[in-house]
Amino acid sequence: MDDGAVLGFDVGSRRIGVAVGNGITGTASALGLIEVREGLPDWERFDRLLGEWRPCRLVVGDPRSDDPGEDPPARQWARGFARAAAKRSGLPVVMVDERHSSREAAARFAGQRRAGVVRRRHGEAIDALAAVVIVERWLAGDAAESFRFP
């Protein structure tokens, strides 16, 4: 694990949730979204986030199936994003098992709504919260079978 910042991504076909994590504190915070249009992420937004946070690595959620023989389209899409992000940034990219991260993010979002921190219309924030969960898993060393792109 690194002591510097890491950027985490919850990759979807319409938008990508983004979070930043800190290796020293072991914490992560939601940053927002990268929109996906016509199958392409907003790479300019990606580049701006890299410039702003200067991460030492990227962490991408790996949407594995519970069925070991299955390689779902969402996983292929996430792996494609991870490869492109590694090539574009020159940074190491680690993929982390993200199973159930969206469920955990939805539960956190519901808790924030009950506390009055967010409103229902901020539902897209769940994608960024899922990225927080992914980064926190990696920071905690719970990234079983993660693999990395050079």
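- The distance from the CD atom of E35 to the CZ atom of R14 is 9.5 Å, given to the nearest 0.5 Å.
- Applying the salt bridge (charged side-chain N to carboxylate O under 4.0 Å, His left out) test between D62 and each of R137, R75, R79 identifies R75 as the sole match.
- Looking at every heavy atom in both residues, A128 comes nearest to A19 through O-CB, 4.2 Å.
- The minimum heavy-atom distance linking V36 with S13 is given by the pair CG1-O, 3.2 Å.
- The number of heavy-atom neighbours closer than 6.0 Å to CZ of R54, taken from other residues, nucleotides and ligands shown, is 12 or below.
- For the side-chain contact (heavy atoms from CB on, under 4.5 Å) test, residues two or more places apart in sequence or in another chain that qualify with A74 are P63.
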key: Chi angles and distances behind the side-chain contact (heavy atoms from CB on, under 4.5 Å) call for L58, L50   = CA-CA 10 Å; L58 308 177; L50 288 180; 3.9 Å; yes
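- Residues I134 and G61 share a closest heavy-atom pair of CD1-CA, 3.6 Å.
- Side-chain N or O atoms of R57 include none that pairs as donor or acceptor with a backbone N or O of V94 at under 3.5 Å.
- Between atom CD1 of residue I16 and atom CZ of residue R45 there is a gap of 11.0 Å, rounded to the nearest 0.5 Å.
- Taking each heavy atom of A78 and V60 in turn, the nearest pair found is O-CG1, 4.0 Å.
- Side-chain atoms of C56 and L91, non-hydrogen and from C-beta on, never get closer than 4.5 Å to each other.
- The two residues A131 and G17 have their closest heavy-atom pair at CB-O, 3.5 Å.
- Between atom CG of residue D47 and atom CG of residue D42 there is a gap of 9.0 Å, rounded to the nearest 0.5 Å.
- Expressed to the nearest 0.5 Å, how far CG of L33 lies from CZ of R15 amounts to 6.5 Å.
- Annotation: side-chain contact (heavy atoms from CB on, under 4.5 Å) contacts of T25 (sequence neighbours excluded): N22, T27.
- Scored by the side-chain contact (heavy atoms from CB on, under 4.5 Å) test, W53 finds L7, V20, L31, L49, P55 as partners (sequence neighbours excluded).
- Note on ring orientation: taking the six-membered ring where Trp is involved, the planes of W43 and F81 are parallel (angle under 30°, cut-offs 30° and 60°).
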